[in-house]
Number of protein chains: 2
Amino acid sequence: MDGKTKNRAAAAPPPDGARPTLKTIAFMTGLGITTVSRALKDAPDIGAETKERVRLVAKQIGYQPNRAGVRLRTGKTNVISLVLTLEEEIMGITSPMVVGISEILAGTQYHLVVTPYSSTKDPLGPIRYILDTGAADGVIISRTEPHDARVTLMTERRLPFVTHGRTEMGIVHPFHDFDNERFAYEAVRRLTERGRRRLVLLEPPPNLTFHAHMRTGFERGLKDFGAEAVSFHHVNIDHSLVAIRDAFEQLMRSVEAPDGIVSGSGAGAVALIAGIESAGKKVGQDVDMVTKAPSDFLRWLRPEVMTMYEDIRLAGRELAKAVIGHIEGKPPETLQSLSQPEFQRPMSKSRKV
Amino acid sequence: MDGKTKNRAAAAPPPDGARPTLKTIAFMTGLGITTVSRALKDAPDIGAETKERVRLVAKQIGYQPNRAGVRLRTGKTNVISLVLTLEEEIMGITSPMVVGISEILAGTQYHLVVTPYSSTKDPLGPIRYILDTGAADGVIISRTEPHDARVTLMTERRLPFVTHGRTEMGIVHPFHDFDNERFAYEAVRRLTERGRRRLVLLEPPPNLTFHAHMRTGFERGLKDFGAEAVSFHHVNIDHSLVAIRDAFEQLMRSVEAPDGIVSGSGAGAVALIAGIESAGKKVGQDVDMVTKAPSDFLRWLRPEVMTMYEDIRLAGRELAKAVIGHIEGKPPETLQSLSQPEFQRPMSKSRKV
DNA sequence: CATTGCTACTGTATCGTTACAGATTTTGTC
DNA sequence: GACAAAATCTGTAACGATACAGTAGCAATG
């Protein structure tokens, strides 16, 4: 047993400015590098006392495994990729989402990498990139479609993922979603309670899954609470606010004008309000309105609008937990969650913002 | 020259499902791995024709260097870290920022990693982490202070970075900033033009650099345009909207009530408006108001408020370009930029949103 | 005492890349 | 034609970690 071996780090004390590696610990404890590695993983073939010693030293010198080393050897990246459209930035759903995800990842070894793509181009692009380069251990996607090619691809290639929104392909996969059907249904209830009967829905773009959900809830509401739909399909929440406003102003001026509105997005609601007012009408008087609200602004500036808060930060947390669960091999059906709408009471002094 | 060498990949044709490596190209071209590596880097000691051949094959098979390999060998991570407070999420400045950064990084090898920290804790935490683990090649920080320990640390340790906001430590470093002094000055001009004389400023928290900038511009404006300040220092834009509203309502009810307001944040402006209205007064009538607006909402819902759009997405782009420049060794003084306020005309139908 | 089995530990090879120090061939010079 | 100087190309080692196949020591077994 002499000093010329490679594994035993005895011959070469580590330079002291550098960050500690397994070799450093091996040197300090007099053990082999392999032993140290296995001790830190709590492998069964290492003695209890040795493990304790190794752990102590590792902690003392602040050892943190080199990610590149681990990644090269094992393929584990310790990265979660959040795939985003550069365009889904109207009113920034991204911020609270990133925060929510970060909150969960902070307690783990995972880093969050943002992988953007231009939605005008191939949405499969970033997924392929991740698959080809092994860039992440897990992926979070949004703007989910009923038949989503990304879901198919990731499932086939066994890349753990979670979707923000559900699919309808018979594939059981992790997701987090907001109950948009329930939201629309309850929104209709509230409008009819105020005597509104001619209702309109500002809906999500037709290709996304929650378009149908919201539509269904809306229509079920109409039926159950006795109201009729005013058609407004030519614009949706993905359109520019100006487009929404102009279209809605026109509608409000026509004989078709609705007396109740359900808005699938807070930003859209602002445009709708502008349209209503351009048409010389008033919310809370000529029409009532229920909307999703990502923040409290509407409640402060237009308290007559009924708002429903969708907690995107919570969604971020749920999504992060779900991908990690998927990576750890938990069964997908245990990684699905649906959050329920919470309608808000009118603005009061006591509410924290 | 036989097949038992290591570098020459001849003996072992690469398995075909796996992603291509230098070895794959070496096998296909019959060259050594080293040669391939150097050819792809356009090293001077490789023949022109060889380089061409290697590049062609590399492109054909879609070779992309393994990041872990590069990182392990060279220490280059190809990562830019965006350091964020989990709390700076009121009204989500983060979204457009991330988008702007991504736009620039999309054309490079860099990935964007979001590194959050709890602002209640040590802001140096994430910086130390990045330094200790070599987690990134460059860092973007915000909430910059006049004497910023993070800047000192990163400068000392030679970690390339850029700040969103300036410092006052005599250290020349890359930054992007918005000209808050000019904003406040111009805001005062506009208010005085409307005959307002008793002005109040909703300011940034005192520890951040742009607090002084905004304050200075405000006061210079007061002097130049002949108006006086109404004190309102006990709340700032970091406080909760409820706190701002309540404090401002009180002020508006007092004999001290201002007739002009400059708001350093769009979210804060909403709270101020609520405060004004709770006090039974009206914007555009009893008081005028100028505010920064991160989005167009205010203009839609309260067109009487004068808004100034701060382009955070642009800031993201500038910051990304600056860090990369810093990483590439460009002199810091060439990586500084200041964006000028652009006051907006009142809402019109033609404006795209 | 030889054999077996167990516990605790260790060396080697490897992931993909690049720095470095050759090696080989071609070209140039006198 | 001999020799030096370029011009090209290549092998080895190393970055830090881990899978795998050992080895050494010791107790139990017959």
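Numbered from 1 within each chain, the chains take letters A, B, ... in sequence-line order.
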Asker: Has B:Thr35 got a side-chain N or O lying under 4.0 Å from the OP1 or OP2 atom of D:dT8?
Answerer: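 Indeed not, no polar side-chain atom of B:Thr35 lies that close.
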Asker: Any side-chain N or O of A:Lys41 under 4.0 Å from OP1/OP2 of D:dT18?
Answerer: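 A:Lys41 to D:dT18 OP1/OP2: side-chain N or O found under 4.0 Å.
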Asker: Quick one: B:Asn78 CG to C:dT17 P, roughly how many Å, whole number?
Answerer: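 After rounding, the gap between these two atoms is 13 Å.
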Asker: With respect to the phosphate group of D:dA17, does any side-chain polar atom (N or O) of A:Tyr63 fall under 4.0 Å of OP1 or OP2?
Answerer: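 Yes, A:Tyr63 has a side-chain N/O under 4.0 Å of OP1/OP2 on D:dA17.
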Asker: According to a strict under-4.0 Å criterion, is B:Thr34 in side-chain N/O contact with OP1 or OP2 of D:dC9?
Answerer: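 Answer is no, no contact under 4.0 Å.
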Asker: Working to the nearest 0.5 Å, report the span between CE of A:Met97 and CG of A:Leu314.
Answerer: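 Output value for this atom pair is 10.5 Å.
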Asker: Please confirm whether any donor atom in the side chain of B:Asp45 sits under 3.5 Å from an acceptor in the base of D:dC9, or the reverse.
Answerer: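 Answer is yes: a donor-acceptor pair is held.
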Asker: Whole-Å distance between C:dT18 C1' and B:Arg67 CZ?
Answerer: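 Going from B:Arg67 (CZ) to C:dT18 (C1'), I get 17 Å.
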Asker: How close or far is atom P of C:dA8 from atom CD of A:Glu52, stated in whole angstroms?
Answerer: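 Roughly 15 Å, once rounded to whole Å.
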Asker: Is a donor on one side and an acceptor on the other found under 3.5 Å between the side chain of B:Thr209 and the backbone of B:Gly165?
Answerer: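 Pair absent, no side-chain N/O of B:Thr209 close to backbone of B:Gly165.
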Asker: Without decimals, in angstroms, what is the distance between A:Leu40 CG and D:dA17 P?
Answerer: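 That distance rounds to 10 Å.
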Asker: From C:dC15, D:dT18, D:dG16, pick the nucleotide closest to the side chain of B:Lys23?
Answerer: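 Nearest listed nucleotide: C:dC15.
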Asker: For B:Thr155 and B:His173, does a side-chain donor sit closer than 3.5 Å to a side-chain acceptor?
Answerer: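 There is no such pair (donor and acceptor under 3.5 Å, judged by atom type) between the side chains of B:Thr155 and B:His173.
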Asker: Could you tell me the separation between the CG atom of A:Leu31 and the P atom of D:dT23, rounded to a whole number of Å?
Answerer: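 Taking CG of A:Leu31 and P of D:dT23, I get 20 Å after rounding.
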Asker: May I ask you to evaluate whether B:Thr74 reaches the phosphate of C:dT18, defined as a side-chain N or O under 4.0 Å from OP1 or OP2?
Answerer: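 No, outside the criterion.
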Asker: Among B:Ile130, B:Leu112, B:Val114, B:Val323, exactly one meets side chain to side chain contact (heavy atoms under 4.5 Å, CB included) together with B:Ser81. Which residue is that?
Answerer: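 Among B:Ile130, B:Leu112, B:Val114, B:Val323, the one that satisfies the side chain to side chain contact (heavy atoms under 4.5 Å, CB included) with B:Ser81 is B:Ile130.
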Asker: Heavy atoms under 4.0 Å, any strand shown: does B:Pro65 hit a base, just sugar-phosphate, or nothing?
Answerer: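 Contact class for B:Pro65: sugar-phosphate only.
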Asker: Rounded to whole angstroms, how far apart are CD1 on B:Ile33 and C1' on D:dA14?
Answerer: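 Atom-to-atom, B:Ile33 to D:dA14, this comes out as 14 Å.
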Asker: Round to a whole Å and report the spacing from NZ of A:Lys51 to P of C:dT7.
Answerer: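 Taking atom P of C:dT7 as the reference, NZ of A:Lys51 is at 12 Å.
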Asker: Hey, which sits more toward the 5' end of DNA chain D by its nearest nucleotide, B:Ile46 or B:Gly69?
Answerer: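 Comparing both residues, the 5'-ward one is B:Ile46.
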Asker: Report the residue (B:Thr21 or A:Arg38) whose heavy-atom-nearest nucleotide on DNA chain C is the more 5′ of the two.
Answerer: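 Result: A:Arg38.
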Asker: Using the rule side chain to side chain contact (heavy atoms under 4.5 Å, CB included), only one of A:Ile327, A:Val79, A:Ile101, A:Thr77 pairs with A:Tyr110; which is it?
Answerer: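 Going through A:Ile327, A:Val79, A:Ile101, A:Thr77 one by one, the side chain to side chain contact (heavy atoms under 4.5 Å, CB included) with A:Tyr110 is satisfied by A:Ile327 alone.
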Asker: Return the value, rounded to whole Å, for the distance between atom CZ of B:Phe27 and atom P of C:dG16.
Answerer: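 Checked: the CZ to P distance equals 16 Å.
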Asker: When you match B:Val36 and B:Leu72 each to their closest nucleotide on DNA chain D, which lands nearer the 5' end?
Answerer: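 Its nucleotide being nearer the 5' end, the pick is B:Val36.
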Asker: Counting distance alone, no hydrogens or angles: does the base of D:dT18 have a donor or acceptor under 3.5 Å from a partner atom on the side chain of A:Arg73?
Answerer: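 It does, because a donor-acceptor pair links the side chain of A:Arg73 to the base of D:dT18 below 3.5 Å.
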